[in-house]
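Contents: one structure, followed by commentary.
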Amino acid sequence: MDGNGRWARQRLLPRLAGHSQGVESLRRCVRACVARGVRALTVFAFSSENWGRPAEEVSGLMGLLAKALAREVPELSRDGVCVRFVGDREGLSESVRNGLAQAERATQGNSRLVLSVCFNYGGRWDIAQAAAALAARGEPITESALCGALALAHVPDPDLVIRTGGEKRLSNFLLWQAAYSELFFSDLLWPDFDEAALDAALDWYAGRERRFGRTSEQVRAGLEPEPLRA
Ligand code: FPP
């Protein structure tokens, strides 16, 4: 969800106003995904590296999260959205941690859409914590064991990854899970990413041929891929 800061700067507003508008854009996007039958949506809200931003912006983002949770959870629940937070909770204050746990509890029975909010998250952190968990249990580190130990093990790998804001990089998002995802880059700033922009991304995705290492001929013949080696 990149581009909040630039959106604000273009309007001579503080960066936090851009993040605040980013929350509105997220709300719109979640509703649009529910309406379109998307079953899992994962968003990058705060990276392990975002701690390096000015203190005022970091504390502003924590405050926005708390406010958004208090305000949005009832409606998310009504829409059948199950909210999960993914990331290192150790680094978060107790009140933020409690807010996350409360939102998860309030929505845990919902199954229409799983909204995973990556907060204090990094793809490298996730791979390292999964490997450390297996090592601590004395389990062999295989692909399938790592998949099960990742913080995002509750949802399938993403079919489509969308990055807004014009940059063409993953910036430590879903490094493991995006191995075969289709990558869509939009020049729109996140607050401007609306239903039409989402539909454009979904239309583009619908035209992709996903081969997962196979040939076009195999895909067209409808052959199932060989199971991955553990
Ligand atoms: C990147 O834009 C965006 C973030 C670091 C924060 C994303 C957060 C939201 C969309 C709000 C939702 C989050 C919560 C708290 C629920 P940027 O600031 O890097 O933008 P820029 O590249 O234009 O400066």
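These numbers come from a predicted model, not from an experiment. Atoms within a ligand are numbered from 1 in the order they appear, just like the ligands themselves.
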Quick one: look up the protein heavy atom nearest [atom] and list residue, atom name and how far away it is.
{"atom": "atom 20 (O) of ligand 1", "result": "G5 N, 3.1 Å"}
{"atom": "atom 1 (C) of ligand 1", "result": "M1 O, 3.4 Å"}
{"atom": "atom 13 (C) of ligand 1", "result": "A45 CB, 3.8 Å"}
{"atom": "atom 12 (C) of ligand 1", "result": "V23 CG2, 3.8 Å"}

Numbering as shown, the atoms of ligand 1 that approach [X] to under 4.0 Å (heavy-atom distance):
{"X": "R15", "value": "17 (P), 18 (O), 24 (O)"}
{"X": "N50", "value": "5 (C)"}
{"X": "L65", "value": "15 (C), 16 (C)"}

Which option out of [options] puts a heavy atom nearest to [atom]?
{"atom": "atom 4 (C) of ligand 1", "options": "R9, H19, R6", "value": "H19"}
{"atom": "atom 10 (C) of ligand 1", "options": "T164, L61, N4, L26", "value": "N4"}
{"atom": "atom 19 (O) of ligand 1", "options": "E24, R53, Q21, R27", "value": "R53"}

message = Distance check, rounded to the nearest 0.5 Å: W176 atom CH2 versus L152 atom CG?
response =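 Reported value, rounded in 0.5 Å steps: 13.0 Å.
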message = Would you compute the distance between atom CD of Q108 and atom SG of C82 and round it to the nearest 0.5 angstrom?
response =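 Rounded to the nearest 0.5 Å, the CD-SG separation comes to 8.0 Å.
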message = Just to be sure I read this right, does ligand 1 sit under 4.0 Å from the backbone of V117, its side chain, both, or neither, counting only heavy atoms?
response =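 Under 4.0 Å from ligand 1, V117 contributes no heavy atoms.
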message = I need the contact type for W190 against ligand 1. Using non-hydrogen atoms and a strict under-4.0 Å cut-off, is it side chain, backbone, both or neither?
response =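 Answer for W190: side chain.
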task = Check if A68 has a non-hydrogen atom at a distance under 4.0 Å from any atom of ligand 1.
result =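 No.
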request  = Might you point out which heavy atoms bring F193 and R28 nearest each other, and give the distance in Å?
outcome  =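 Scanning both residues, the minimum pair turns out to be O-NH2, 3.2 Å.
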ask   = Would Y121 and F46 count as a ring-ring contact (aromatic ring centres under 6.0 Å, His included) if you check the C-alpha gap in whole Å, the side-chain angles of each, and the deciding distance to 0.1 Å?
value = CA-CA 7 Å; Y121 166 91; F46 192 85; over 10 Å; no
message = Before we go on, tell me: are the rings of Y180 and F212 under 6.0 Å apart, centre to centre?
response =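 Yes, the ring of Y180 comes within the 6.0 Å limit of the ring of F212, centre to centre.
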task = Taking the six-membered ring of W7 (Phe, Tyr or Trp), confirm whether the NZ or CZ of R9 is under 6.0 Å from its centre and within 45° of its axis.
result =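 No cation-pi geometry.
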request  = Would you sort out whether N110 and S77 count as a side-chain hydrogen bond (donor to acceptor under 3.5 Å, both in side chains), showing the intermediate values?
outcome  = CA-CA 7 Å; N110 302 330; S77 218; 3.1 Å; yes
ask   = V43 and L69: same hydrophobic cluster, using ILVMFWY side-chain contacts below 4.5 Å?
value =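 V43 clusters together with L69.
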ask   = Do R97 and E90 sit within salt-bridge range, that is, some charged N less than 4.0 Å from a carboxylate O?
value =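 No.
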query = Just distances here: any N/O of G22 and N/O of ligand 1 closer than 3.5 Å?
reply =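 No.
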